[in-house]
Amino acid sequence: MTVVLRAMATQLGVADPRSARAWLLRLFVLPPEQTRELPGWLKAAAMPLLVWFARPLGVESPWTLRNWLRALFLHRPPRAQDGDASRVYLVRALAAVFDGAAALGHAALAPLRGFERWLDRFDFSRADAHVMAMAGRFGRMPRLASAAVAIVTITLLAVCATTPLAPHEQLALFLLMWLSALVIRRMPGNVATLILVCFSLAASSRYIWWRLTSTIDLEPGFEWFFGMGLIAAECYTWLILVLGYVQNAWPLGRKPVSLPADTASWPTVDVFIPTYNEPLKVVRPTVLAALGMDWPAEKLRVYILDDGRRDEMRHFAEQSGARYMIRPDNAHAKAGNLNHALGKTDGELVVIFDCDHMPVRSFLQTTVGWFLKDPRCAMLQTPHHFFSPDPFERNLHTFRKIPNEGSLFYGLVQDGNDLWNATFFCGSCAVLRRGPLMEVGGIAVETVTEDAHTALKLHRRGWRTAYLKLTQAAGLATESLSGHIGQRIRWARGMAQIFRLDNPLFGRGLSLLQRLCYANAMLHFFHGLPRLVFLTAPLAYLYAELHVINAAATTLAVYVLPHLFQAGIANSRMQGRYRHSFWAEAYESVLAWYIAWPTTLALINPRAGSFNVTAKGGLVDRTYFDWRIALPYVVLATANLIGLVVGIVRLFWWNADEPGTVLMNLVWTTYNLIMLGAALGVAAETRQVRVAHRVPLRMPATLYLADGRAIACRTEDYSTQGLGLLLPPGVDVAPATPLAVGLRDGLREHVFHAHAAQQRERQLGLQFATMDLAQERALIACTFGRADAWSGWSDTTPDDRPLTSLFEVLGFGANAYARVLGNGARLLRDMLPPLRFLFRPAAD
Amino acid sequence: MAATGGCGRSTLVAGLADALHRRGRAVLALDLDPANALALHLGATAAPEHGIGHAPDGDWPATALSNSDGVRILPFGTPPLPMLLRFERELAERPGWLREQLGRLAVPDDTIVLVDTPRLPSVLALHAAGAADHVLVVVSAEPIAYATLDRVERLQAAKARFVVNAFDPQRPLQQDLLLLLRDRLGARLLQEVVHRDTAIADAQARNRALPVDAPYSQAAEDLQQLCTRLLHRLGASAP
């Protein structure tokens, strides 16, 4: 027996025949001298995959099984920081799936990347110069000739859109356009953008024409009803797409005009800062910044228009040198407040700032030049800039990483409007000429978006407006999601009201393109209903097997894919810097439910409904999930999720005979789930830590220590309350030490007393001591009022890369679902104490 | 030069000599002030006895010193009072004296000679101003400095540039005086100011150069900027 065992041990390579462990090991694992190398191809394929998965899962080193087990079942990945354990696993699993999908997609696109690399070898700038020269010749053509060219182009596009093609021919056309687009995309300049826009117009119009002429089931019934709803939504989308192309075709890029050297010829300026219930600490910096604008003192008057009639506000105005104005009633809210002030003042120009929009010192010198150069210019608008994250940015953690909702409007749309003389007034950070403003009866009061309506009235009387894409003021974004949505509801309602009461498509005084731009600005807000249709349309088939599109899935694909691709390429090219691909859908999905009803109501009865002021300056003081806001999205997401499950069942068992249609609807409902996920992510309110928002700024500063040393350092960020400094190595400041910090405003150095809050390595946080008015003024001049305070702000957002963008939205969606489940689980746990053991709390 | 005492003239000359030397420029620091403090500022542990002050036409190179960083100094020395009085009397009758002496030294063209002078009015300071290509007047943001400004202005209106030293922005009075000075002197007042900073005295106490002892002090930073400005004015780019 022993002999046999020993022989076996020698054969198997068991080191110690008496140890059971050694036997066990050798029964399953080869001794080192007998192991074979893995085949090279397997290793080559496995290594990157292992590494790929290891990172998101938080595996420390991917080479041992133990690490994997630990990471998968015991340890939290470094990314997930809070919440329930259930959520962490879900995030991890979803992340793995998504990363896997990304890897597959990456591999599938390899030949395409080869093609792109080949294209990289060519220089397309010469082609651009050539086309630009052609465009220049077109610009110099007489009016009649250019009109003729426009008519011929539109006719050609119409022929392109309406010529029937067999599906395989349509596919060939798509491939041809797509490959050409890949080449044209390389060309810099706006002409190439316009060519891509034409491609999109052709593809999208072909799709909508085909939908209208070949896919409508005219037999009344449910299919007809849902089909009609869907096609109406699609027509709306097509219309907005086309109008958007017209509006943004050629952003004007207006530059400031310098003022004459003689200040005697500069106009007098009244600055209006209307306020109703905003606290003094919000209004103070704005007023001080307005008073600090570079302008002859005798020609600048700053008015606080206080509808709240507060003594502290009056007192502050007296101290600071601003003028204080109240009125007998609060009729027509902000518009009425401004109109009252207009009646009591006489400056040639009127500047309006919302009470939380702090102008920089160069605001007037940058903007007023155009009023002197163009006597018909009645209004000049500058961007609204927010240095605090809006709810989207805060809850999704995209602040300064992804262009926010407003950046498309102020980055592109208003600049595009400017070409057609259709830039409209946005209520704040704008300069108006008093004459024309009084001519149209002051600020419009008929609608809740008095700003846009006032601009419309000015345009009808032949006045010109201008847009200057230079951030010359900044303020706080709306704090909570409900506030944000409330504001958008107001805009949507107001625009719908104008559309009914003073429709820009009709009436006197407007050019065709002005009408189109205004129409787009207003119709754009009706996206609620169509978006809801898209979010539910695939369910009609998945639930009830209703064919809302009467066409074979493959035929649909060869029509809809070119439309989606070309529109995606054109839009990414046109607005990529201001809005990343797929984010429009994400933003719209959040708002859809809430603005669908108010816009519809305003369209039916424009005078119904009430007006509410958006609250600012607050703080979301805890992390919570806003179930009230999120409910519609939870319902929609659940419906789509059930649809997805039903669809999978249909794919294999119930509707195995039409897999194409099932697949198409599955893809659609998945896309909906992604967008709804992003919407849910926004609803999960993240706690705000800082009371005062910090603005990054790097400039030299001097730190004065109590012992008389002066340390040269630089600032990292600032707020109205404190300052972040980057100290040189070797300087340690104990917490609560009183000290002073010197900041420079041009040649002038201002010193502020402060105490050290906390030091982390070389970063020192300072808390300002109580300041008197002069110091507060100096601080504004050194920080928020700097002419360069906001220049280069958007440089940190990367360019649009559609695929990356899709995966980003996807990631946010996945995270949100995990949070919803986590929150739901918590709710359940709280409601069902006996089941508590199911929700064993996480390690912390 | 300066019209008031204690405004940090020698400190500034020493700081600039050090900063220029660190940038690889050939520097010679010349002490024309009988106070004989420049060598102390540049690292000497005791005031050197022999120097320029002993004889107007003496052998200068023999008394030259060089500190551990390699900055060369010609100290004034501590001549007995009768010798000093004779020295000054003699100079009053030889307006071209300093220029001649520098010629005799055969200083290479690329060497920057920094001359520390006594406070105005002074014969030695007049010699220095006459021989210099550039005159830097050190003022402090104090009332007395503002009140005696015309003394300097009368002397060398065109060549002189002014710099504020030991500036303490925490004091409103100094802030106001700086504004007054800017108003009165216009572009002749350099934009750069040198801050009051105890790091200078600390470095002296430790007998180390300021950029070595407190590289991140505001005074060291200010001297760097002043140095850049002066080199720019000298029309010199990199060595």
Side-chain angles (χ1 to χ4, degrees), chain A residues 698-716 723 725-733 737-756 759 761-764 766 768-779 781-783, chain B residues 8 11 15 19 141 162-206 210-229:
Chain A
R698 290 186 170 192
M699 63 170 178
T702 312
L703 181 68
Y704 298 97
L705 300 177
D707 63 4
R709 279 187 297 157
I711 312 277
C713 54
R714 62 175 174 75
T715 61
E716 295 246 285
L723 192 68
L725 290 179
L726 184 72
L727 298 179
V731 180
D732 288 306
V733 183
T737 316
L739 30 78
V741 62
L743 300 177
R744 285 162 192 78
D745 161 29
L747 287 181
R748 186 83 200 263
E749 177 176 344
H750 297 283
V751 178
F752 305 96
H753 291 278
H755 60 84
Q759 184 172 9
E761 288 173 19
R762 287 172 54 194
Q763 283 159 336
L764 176 70
L766 295 183
F768 290 129
T770 322
M771 290 185 204
D772 60 23
L773 197 66
Q775 278 184 310
E776 208 178 331
R777 209 186 285 263
L779 181 66
C782 290
T783 54
Chain B
T11 315
F162 295 74
V163 64
V164 172
N165 188 30
F167 180 61
D168 182 0
Q170 298 194 60
R171 287 174 49 202
L173 175 68
Q174 292 224 340
Q175 292 269 22
D176 293 348
L177 277 164
L178 181 61
L179 289 179
L180 273 176
L181 283 168
R182 276 203 209 293
D183 206 39
R184 173 149 165 202
L185 296 170
R188 285 184 296 155
L189 181 66
L190 298 185
Q191 289 185 6
E192 291 77 9
V193 299
V194 180
H195 284 75
R196 176 179 295 285
D197 189 347
T198 53
I200 296 178
D202 292 349
Q204 261 172 29
R206 285 192 270 267
L210 181 64
V212 177
D213 190 56
Y216 303 107
S217 62
Q218 186 62 46
E221 170 72 23
D222 293 341
L223 279 170
Q224 279 302 324
Q225 289 187 9
L226 190 59
C227 186
T228 306
R229 166 69 53 151

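Just so we're on the same page: letters track the sequence lines, and every chain starts at 1. Atom set for the values below is all heavy atoms of this structure, side chains included, hydrogens, waters and symmetry mates excluded.
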Open item on the list: If we define contacts as heavy-atom pairs under 4.5 Å, which of B/Leu179, B/Asp168, B/Val193, B/Thr198 has the most with chain A?
Closed with: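 So the answer, after comparing B/Leu179, B/Asp168, B/Val193, B/Thr198, is B/Thr198.
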
TODO: Report the option among B/Gln175, B/Glu221, B/Arg196 that has the most heavy-atom pairs separated by less than 4.5 Å from atoms of chain A.
DONE: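 Winner by heavy-atom pair count: B/Gln175.
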
Open item on the list: At a 4.5 Å cut-off on heavy atoms, which part of A/Ala701 comes close to chain B: side chain, backbone, both, or neither?
Closed with: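 Backbone only.
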
Task: Which portion of A/Pro700 sits near chain B, non-hydrogen atoms under 4.5 angstrom - done: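 Answer is neither: A/Pro700 stays 4.5 Å or more from chain B.
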
Roughly how far, to the nearest 0.5 Å, is the [atom2] atom of [Y] from the [atom1] atom of [X]?
{"X": "A/Tyr704", "Y": "B/His195", "atom1": "OH", "atom2": "NE2", "result": "3.0 Å"}
{"X": "A/Glu749", "Y": "B/Leu178", "atom1": "CD", "atom2": "CG", "result": "9.5 Å"}
{"X": "A/Leu747", "Y": "B/Leu189", "atom1": "CG", "atom2": "CG", "result": "9.0 Å"}
{"X": "B/Asp197", "Y": "A/Thr702", "atom1": "CG", "atom2": "OG1", "result": "9.5 Å"}

